Amino acid sequence: MKKITNLFSRYKNIIYYSVVILFVIIGFIYAVRGYYYYQDIEQIASGSDLLGAIFTPFALSIVRFLIVVCFGIFLATTIIAIPLRRIKVMQFEVEFAEKATEIAEIQDKQFNQLHFLEKVLKENSYFIGRFYQEDGIPYKAVIEHLLHSYEIFFNDELGTNLHFELVDAGNGETFEDKRLKRMMTTFDNPENNNVLIRNRTIFGSNILMLHQEELEEDLCILLSSSEYEFTDFDVKIIQSLLETARIICDSISLISPDPT
């Protein structure tokens, strides 16, 4: 549709002047024929009265010429304006429908993400039992498990590629990519936010990086996707998963026997 609109807009002047020139030629022929036609009418050709003096064969042929040319200009304008307006309206309708479909798809994904989060919260007891035997407070292990489940959910159920990485900054771990390392250093400044979103910046991938300090752990979480663009909504989902991990660890601490 855009190609048709652009093509029509590009050649609209040619179309306009071609129609006008065509009607100029038709008007000239019509005027000449009218001139000879009025020459055969005695009342007009003689100019014996006032009307005959004003409406001479030449004057009437000029009027005929102007009428045809004005009609041609009107027709040329109509030929260009109406189809172009219709094309633009159709283009707007198509773009509106595409936008509505895109919004519906985004809302559907967000709904499924919330459903995943709800499912995780319902399985709180399962996670407590799973990580109860871990040494100490298994905060990193719980987060890693939840993120891995989230990755599988994204790839399998949403059909969108997603990859996560988890590094232990407290133990000196970092990312291999130099640009990711530079992004990670921004968290060293306490004035900066602990969340970074960079869409289409690194190898064509969208990036969501989050820094988390909790339960004596200093972790940096990276989510990347070549298809999905991250928003603040995704930040809220990840932060909810981190909060769920903290609650699980707090529950484990409460039921664990006192080492003393």
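Computed from a predicted model, the values in this text were never measured in an experiment.
In this structure, Leu162 and Phe230 approach most closely via the heavy-atom pair CD1-CZ, 3.6 Å. Closest heavy-atom contact between Phe65 and Ala31: CB-CB, 3.8 Å. Contact detail for Phe233 and Gln113: the closest heavy-atom pair is CE2-OE1, 3.5 Å.
Hydrophobic clustering (side-chain heavy atoms under 4.5 Å, transitive across Ile, Leu, Val, Met, Phe, Trp, Tyr) groups Val32 together with Val24. Hydrophobic clustering (ILVMFWY, side-chain heavy atoms < 4.5 Å, transitive): Ile21 and Phe74 are in distinct clusters. With hydrophobic clusters built from ILVMFWY side chains whose heavy atoms lie under 4.5 angstrom apart, Leu22 shares a cluster with Val68. Hydrophobic clustering of Ile, Leu, Val, Met, Phe, Trp and Tyr side chains at less than 4.5 Å, counting indirect connections, keeps Phe164 apart from Ile152. A chain of hydrophobic side-chain contacts below 4.5 Å, direct or via other Ile, Leu, Val, Met, Phe, Trp or Tyr residues, connects Ile73 to Leu66.
Aromatic ring centroids of Phe28 and Tyr30 lie 6.0 Å or more apart. Ring-centre distance between Tyr150 and Phe116: below the 6.0 Å cut-off.
Glu229 and Asn206 share no side-chain donor-acceptor pair at under 3.5 Å. In this structure, a donor-acceptor pair under 3.5 Å is present between the side chains of His211 and Asp218. Defined by atom type and a distance below 3.5 Å, a donor-acceptor pair is missing between the side-chain atoms of Glu144 and Tyr139. With hydrogens and angles left out, the side-chain atoms of Asn161 and Ser226 include a donor and acceptor closer than 3.5 Å.
With rounding to the nearest 0.5 angstrom, the CZ atom of Phe154 is 10.0 Å from the CD atom of Glu227. In this structure, the separation between CD on Glu123 and CG on Leu146 is 10.0 Å, given to the nearest 0.5 Å. With rounding to the nearest 0.5 Å, the separation of CD1 in Ile207 from CZ in Arg198 is 10.5 Å. Taking CG of Leu117 as the reference point, atom CD1 of Ile238 lies at 9.5 Å (rounded to 0.5 Å). Residue Ser240 holds its OG atom at 12.5 Å from CD of Glu118, rounded to the nearest 0.5 Å. To the nearest 0.5 Å, atom CD of residue Glu243 and atom CD of residue Gln212 are 8.5 Å apart.
Using a 4.5 Å cut-off on side-chain heavy atoms (C-beta onward), Val167 and Leu219 make no contact. Here the side chains of His148 and Glu151 are in contact, with some heavy-atom distance below 4.5 Å.
Residue Tyr228 is tested with Leu208, Thr160, Leu158 for a side-chain contact (heavy atoms from CB on, under 4.5 Å); the sole match is Thr160. For the side-chain contact (heavy atoms from CB on, under 4.5 Å) with Thr244, the lone residue among Leu242, Ile248, Ile247 that qualifies is Ile248. Among the candidates Leu114, Leu223, Thr231, the single residue satisfying the side-chain contact (heavy atoms from CB on, under 4.5 Å) test with Ile237 is Leu114.
For Asp232, the CG atom counts as loosely surrounded, since its 6.0 Å shell holds 12 or fewer non-hydrogen atoms of other residues, nucleotides or ligands.
Taking 4.0 Å as the cut-off between side-chain N and carboxylate O, Asp250 and Arg246 count as a salt-bridged pair.
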Can you list the steps and then say if Ser149 with Val120 is a side chain to side chain contact (heavy atoms under 4.5 Å, CB included)?
CA-CA 9 Å; Ser149 300; Val120 170; 6.0 Å; no
Working note: Gln239 + Val195, criterion side chain to side chain contact (heavy atoms under 4.5 Å, CB included); need CA distance, chi angles, decisive distance, verdict.
CA-CA 10 Å; Gln239 288 177 337; Val195 175; 4.1 Å; yes
List the steps and the verdict of side chain to side chain contact (heavy atoms under 4.5 Å, CB included) for Ser225 and His163.
CA-CA 6 Å; Ser225 174; His163 176 68; over 6 Å; no
Begin with the C-alpha distance, continue with both residues' side-chain angles, and end with the deciding distance and a verdict on side chain to side chain contact (heavy atoms under 4.5 Å, CB included) for Glu157 and Asn112.
CA-CA 9 Å; Glu157 296 192 28; Asn112 286 326; over 6 Å; no
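In this structure, Phe111 and His115 have parallel ring planes: the angle between them is below the 30° cut-off, well short of the 60° mark.
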